[in-house]
Peer 1: 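Handing you a structure now.
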Protein chains: 2
Amino acid sequence: MDVLVPRPTKHQPERGDARTRLLEAARDTIREKGFAATSVDELCQAAAVTKGSFFHHFKSKEALGVAAAEYWAETTTAFFAGAPYHAPDDPLERVLAYVAFRKSIIAGDLAEFTCLVGTMVEEVYAISPAIREACAASIFGHAATLEADISAAIRERGISSDWTAESLARHTQTVIQGAFVLAKAGNDPALAREGLDHLDRYIRLLFGGPNKKKARS
Amino acid sequence: MDVLVPRPTKHQPERGDARTRLLEAARDTIREKGFAATSVDELCQAAAVTKGSFFHHFKSKEALGVAAAEYWAETTTAFFAGAPYHAPDDPLERVLAYVAFRKSIIAGDLAEFTCLVGTMVEEVYAISPAIREACAASIFGHAATLEADISAAIRERGISSDWTAESLARHTQTVIQGAFVLAKAGNDPALAREGLDHLDRYIRLLFGGPNKKKARS
DNA sequence: GCTGCCATACCGACCGTACGGTATGGACGT
DNA sequence: ACGTCCATACCGTACGGTCGGTATGGCAGC
């Protein structure tokens, strides 16, 4: 339990520097135990760095929280940009493929698929505006990546809607975040997948469900 | 599964007994700062009791968390049982009235309308099974109160569904919990109301397609 | 190419305090 | 007289944060 990773002593070790290791440890530990219940010492141990190193890279625990949220935003952006749901030609199919993809990655331990920034913002929204804003940037930034496809789907299908692409994009995140809460409460990932099924059904109904005629404009 | 009933004392009848005051302080403080970031001393100060009194009523901070979740379940059950959304004769109207009611109480400060057990379970699901289960009982117990109306609506409208009343009832809580997460991230209650609008639209679509928005009846 | 110098990265002992929890005893109703 | 309820004083420790220090690598001057 003592030795985890041989510490690279070079200055530019490929993605293996102490700062990154701390951010990864923060990501994993905070997702499991929450921000407040995660101690600096614990993070240092998990990342195999010392406290001196921690406070060299982050001026406070709160700063680590902000950096962790930003790191989360960066890594998830890259992850979803490279995901296969962008393949379909039809924009609505891309949106539905996104939902299916989100559902497909809900597996294994809860802390492996739940959302770091959703977890963090629940507990620190009132006590740390800096962390709250970093979490908001991650969530709403990710939601924004769906807007183009939703807008294109609205246009292509000639839907007349009393809702906007922006609003539906946000709602996907609402359902996903809520699905994680119920999965945690019930300690069952299937509860999260269930929420995604309803989201899929909702989107299909919005874009011409059984009783809806497609009105080509 | 019986729950200890807080008994009134004659000691300081005007303020309620210490146990109840502590539970109310816990409800308010934990909703704002989270469970881990709320200290026992802080709770004692807010409830105007001493630490001796705290540990007389609760054997540990974790036990207080469990009791707070149970207290939340009791008070919210009573609150929703007395709410006006049960009035309509039509079961579907009752379900929609529930959603509208949930939307209507989203106002003011975030900590005034967000869900204690949803907040708590996000941060303690992995470290306190007891609290997690108490939160689960509150969430899923509340969801279950919607099942009868949803089932009746399915029966009455004669729709064939590939989803169950139980599942849709849970989904209402998924959307509500997720709506709170986004509202906290964006620091804006309107984000929560937006989620409820989508939920309303989804339920209407499920029960017979493009019903226009309910005219004020 | 060695030397001196500096910035960055990292180390680990240490500090003040605030934390959860305990021990003990008194007030009060029954 | 006894159990419930509450108050005060206190304890051990784990917390976030500090500080003096070392190791490494880049670079300029010569």
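Letters A, B, ... mirror the listed sequences (proteins, then strands); counts begin at 1.
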Peer 1: Would you please classify the geometry between the Phe101(A) ring and the Phe79(A) ring as parallel, tilted or perpendicular, with 30° and 60° separating the classes?
Peer 2: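 Correct class here is tilted.
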
Peer 1: Grab the CZ-P distance between Phe58(B) and dT22(C) for me, whole Å please.
Peer 2: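 Going from Phe58(B) (CZ) to dT22(C) (P), I get 15 Å.
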
Peer 1: The side chain of Ala18(A) lies closest to which of these nucleotides: dC6(D), dC15(D), dC10(C)?
Peer 2: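 From the listed options, dC10(C) comes nearest.
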
Peer 1: Should the side chain of Lys61(A) and the base of dG17(D) be counted as holding a donor-acceptor pair, with the cut-off at 3.5 Å?
Peer 2: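 When only heavy-atom distances are counted, Lys61(A) does not reach the base of dG17(D) through any donor-acceptor pair under 3.5 Å.
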
Peer 1: Using whole Å, what does the distance between atom C1' of nucleotide dT8(C) and atom CZ of Phe54(A) come to?
Peer 2: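 Taking CZ of Phe54(A) and C1' of dT8(C), I get 18 Å after rounding.
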
Peer 1: Is the phosphate of dA9(C), meaning OP1 or OP2, less than 4.0 Å from a side-chain N or O of His56(A)?
Peer 2: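 Answer is yes, contact under 4.0 Å.
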
Peer 1: Could you pick out which residue, Lys51(B) or Phe55(A), lies toward the 5' side of DNA chain D when each is mapped onto its nearest nucleotide?
Peer 2: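 Its nearest nucleotide being more 5', the pick is Lys51(B).
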
Peer 1: Parallel, tilted or perpendicular, judged at 30° and 60°: which one describes the rings of Tyr202(B) and Tyr202(A)?
Peer 2: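 Tyr202(B) vs Tyr202(A) ring planes: perpendicular.
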
Peer 1: Should Thr50(A) be listed as having a side-chain N or O under 4.0 Å from OP1 or OP2 of dG12(C)?
Peer 2: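 Answer no for this pair, as no side-chain N or O of Thr50(A) is under 4.0 Å from OP1 or OP2.
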
Peer 1: Quick one: Glu42(B) CD to dT17(C) C1', roughly how many Å, whole number?
Peer 2: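 Those two atoms, CD and C1', are 16 Å apart.
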
Peer 1: Quickly work out the Leu22(B) CG to dC6(D) C1' distance and round it to whole Å.
Peer 2: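 Rounding to the nearest Å, CG of Leu22(B) and C1' of dC6(D) are 11 Å apart.
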
Peer 1: When only distance counts, do a donor and an acceptor, one from the side chain of Lys59(B) and one from the base of dG21(C), lie under 3.5 Å apart?
Peer 2: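 When only heavy-atom distances are counted, Lys59(B) does not reach the base of dG21(C) through any donor-acceptor pair under 3.5 Å.
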
Peer 1: Report yes if at least one side-chain N or O of His57(A) is closer than 4.0 Å to OP1 or OP2 of dT8(C); otherwise report no.
Peer 2: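 Checking dT8(C) against His57(A), no side-chain N or O comes under 4.0 Å of OP1 or OP2.
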
Peer 1: Give the ring-plane orientation class for Tyr98(A) versus Tyr85(A), where under 30° counts as parallel, over 60° as perpendicular and anything between as tilted.
Peer 2: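 Tyr98(A) vs Tyr85(A) ring planes: perpendicular.
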
Peer 1: In whole angstroms, how far is the P atom of dG17(D) from the CG atom of Leu43(A)?
Peer 2: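 It works out to 12 Å between those atoms.
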
Peer 1: Measure from CG on Leu64(A) to P on dG17(D) and round the result to the nearest Å.
Peer 2: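 After rounding, the gap between these two atoms is 10 Å.
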
Peer 1: Honestly, is Lys61(B) close enough over Phe54(B), meaning NZ or CZ under 6.0 Å from the six-membered ring centre and within 45° of the axis?
Peer 2: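 Ring-cation test returns no.
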
Peer 1: Using whole Å, what does the distance between atom C1' of nucleotide dG16(D) and atom CZ of Phe35(A) come to?
Peer 2: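 My rounded result for the distance is 11 Å.
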
Peer 1: I want to confirm an ordering. Mapping Gly52(A) and Asp41(A) to their closest nucleotides on DNA chain D, which one lands closer to the 5' end?
Peer 2: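 First, find each residue's nearest nucleotide; the 5'-ward one identifies Asp41(A).
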
Peer 1: Does Arg201(A) pair with Asp162(B) as a salt bridge, N-O distance under 4.0 Å?
Peer 2: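 A salt bridge is present here (some side-chain N lies under 4.0 Å from a carboxylate O).
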
Peer 1: Round to a whole Å and report the spacing from CD1 of Ile127(B) to P of dG20(C).
Peer 2: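 My rounded result for the distance is 13 Å.
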
